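Below is one structure, written out as structure tokens; comments come after it.
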Protein chains: 2
Amino acid sequence: MQNSDAMALFAALLAAAGDLTQRIHDGVTARGFTDLRPAHGFAFARLAPDGATVTDLAVHLGVTKQAASQLVDEIVRKGYAERRPHPEDARARLIVLTGRGWACTRAAEEAAAEVVGGWAELLGEGEVHALRERLARIAPYGPIRPAW
Amino acid sequence: MQNSDAMALFAALLAAAGDLTQRIHDGVTARGFTDLRPAHGFAFARLAPDGATVTDLAVHLGVTKQAASQLVDEIVRKGYAERRPHPEDARARLIVLTGRGWACTRAAEEAAAEVVGGWAELLGEGEVHALRERLARIAPYGPIRPAW
DNA sequence: CGATTTGGTCAAGCAGCTTGACCATGTAGT
DNA sequence: ACTACATGGTCAAGCTGCTTGACCAAATCG
């Protein structure tokens with residue numbers, strides 16, 4: 001394994017991740033959600049299952065809770081989520097997706113499936129699945145962060 | 001291929017790309033280059049072969065030429081590159097790496113090789129190579145861009 | 001040659017993040 | 001139970017890295 005091979009792998013990873021991000025974002029925009037940026041999508045992913053607190057979101061996104069709070073302000077203002085009192089902690093607030101937030105989440109999933117479907121035509125379904133499985137083995141869980 | 005599988009692949013890609021970026025950056029820092037951010041490394045990659053103009057860099061990084069020019073100001077000020085008159089165009093300036101810039105580039109390659117070496121222990125050399133090859137087939141060339 | 005394009009810089013403005021201070025609620029120690 | 005501290009959240013101010021807009025000098029095209 002030469003050093004330059006490692007850099008080539010790095011470049012390919014960045015290109016694939018950046019391309020997929022861009023194309024999902026384009027797909028979401030094309031489905032009518034024109035007032036969002038990719039960062040919002042990563043917030044939705046954390047909110048989707050059962051909601052989350054601002055602090056949860058901040059950890060997930062790798063930013064301060066003030067920054068996460070601003071982002072929540074924005075998606076609430078735009079009608080994608082709402083702040084509710086937290087059922088178990090009067091200090092906290094539970095941020096949950098609205099119907100519009102769920103619709104956008106589904107749009108992102110569709111867009112992602114479209115792009116990945118194109119990859120499957122290039123590589124075959126099995127190869128794409130293998131790709132996912134191998135990436136999962138080398139990639140630690142942790143805060144989502146920009147590629148740089 | 002379920003929609004959620006596509007999102008899982010997306011998450012794995014982002015995690016791998018972000019993790020590799022972070023660990024290369026850490027490695028570069030550990031080797032003594034403490035005044036750089038990952039974005040500078042992507043500039044170095046474009047400058048390394050034979051130098052480049054500010055406009056070349058801007059296209060490569062996907063930003064305006066003003067932003068690229070600022071970034072060049074910074075790496076020049078810190079001694080990693082220098083502006084020279086362009087041999088074939090008196091309007092342009094050729095940005096080339098200094099010795100320090102090359103040393104940093106080698107440090108990044110070493111750091112990348114270290115991380116990818118760790119991946120090879122997990123997956124095997126062949127699998128890592130296959131990963132690179134498959135990513136290369138689905139990832140278009142284009143401007144480097146943050147994962148979101 | 002004049003007209004337009006291209007490489008680069010200067011200047012101003014802004015979006016999204018940070019740090020710092022603060023309040024309300026929860027949790028632990030004695 | 002009362003004090004002390006930790007935790008969730010917001011407000012305010014500031015900074016960094018980017019953008020848009022205007023401009024100049026050199027190259028290219030008619």
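Labels below follow one simple rule: chain letters A, B, ... track the order of the sequence lines, proteins then strands, and each chain is numbered from 1. Every value quoted in this text rests on a predicted model; they were computed, and no experiment measured them.
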Within less than 4.0 Å of OP1 or OP2 of [N], is there a side-chain N or O belonging to [X]?
X	N	value
B:Thr53	C:dG8	yes
A:Arg91	C:dT27	no
B:Ser69	C:dG8	no
A:Arg83	D:dT10	yes
A:Arg37	C:dG16	yes

[atom1] of [X] versus [atom2] of [N]: gap in Å, rounded?
X	N	atom1	atom2	result
B:Leu71	D:dT19	CG	P	12 Å
A:Asp89	D:dG9	CG	P	8 Å
B:Arg77	D:dT16	CZ	P	11 Å
A:Leu57	D:dT7	CG	P	19 Å
B:Lys65	D:dC23	NZ	P	15 Å
B:Gln70	D:dT19	CD	C1'	10 Å
A:Glu74	D:dT10	CD	P	15 Å
B:Asp73	C:dG8	CG	P	12 Å

Taking A:Thr105 for the side chain and A:Gly101 for the main chain, is one N or O donor matched with an acceptor at less than 3.5 Å?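 Yes.
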Closest approach of B:Pro38 to B:Thr21 (non-hydrogen atoms, all atoms of both residues):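 In terms of heavy atoms, the two residues are closest at CB-CG2, 4.0 Å.
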How is B:Ala90 classified with respect to the nucleic acid when contacts are heavy atoms under 4.0 Å: base, sugar-phosphate, or nothing?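 Sugar-phosphate contact only - B:Ala90 comes under 4.0 Å of backbone atoms but never of a base.
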Under a single-linkage definition using a 4.5 Å side-chain heavy-atom cutoff for Ile, Leu, Val, Met, Phe, Trp and Tyr, are B:Val96 and B:Leu57 assigned to the same hydrophobic cluster?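 Unlinked, B:Val96 and B:Leu57 end up in two clusters.
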Tell me if the side-chain of A:Gln66 makes a donor-acceptor pair with the base of D:dG8, cut-off 3.5 Å, by modelled atom types.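 Flag unset: no donor-acceptor pair detected.
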Could you work out which one of D:dG8, D:dT19, C:dT9 sits closest to the side chain of A:Thr55?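 Output: D:dG8.
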Could you please name the option among C:dT9, D:dT10, D:dT19 that lies closest to any side-chain atom of B:Thr64?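 Out of C:dT9, D:dT10, D:dT19, the nucleotide with an atom closest to B:Thr64's side chain is D:dT19.
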With DNA chain C as reference, determine whether A:Glu88 or B:Ile95 sits nearer its 5' end, using the nearest nucleotide of each.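 Of the two residues, B:Ile95 wins.
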Does a side chain donor of either A:Thr29 or A:Asp26 reach within less than 3.5 Å of an acceptor in the other side chain?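 Checked: A:Thr29/A:Asp26 side chains show no N/O donor-acceptor pair below 3.5 Å.
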Rounded distance (nearest 0.5 Å) linking atom NE2 of A:His40 with atom CG of A:Leu47: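 It is 11.5 Å, given to the nearest 0.5 Å.
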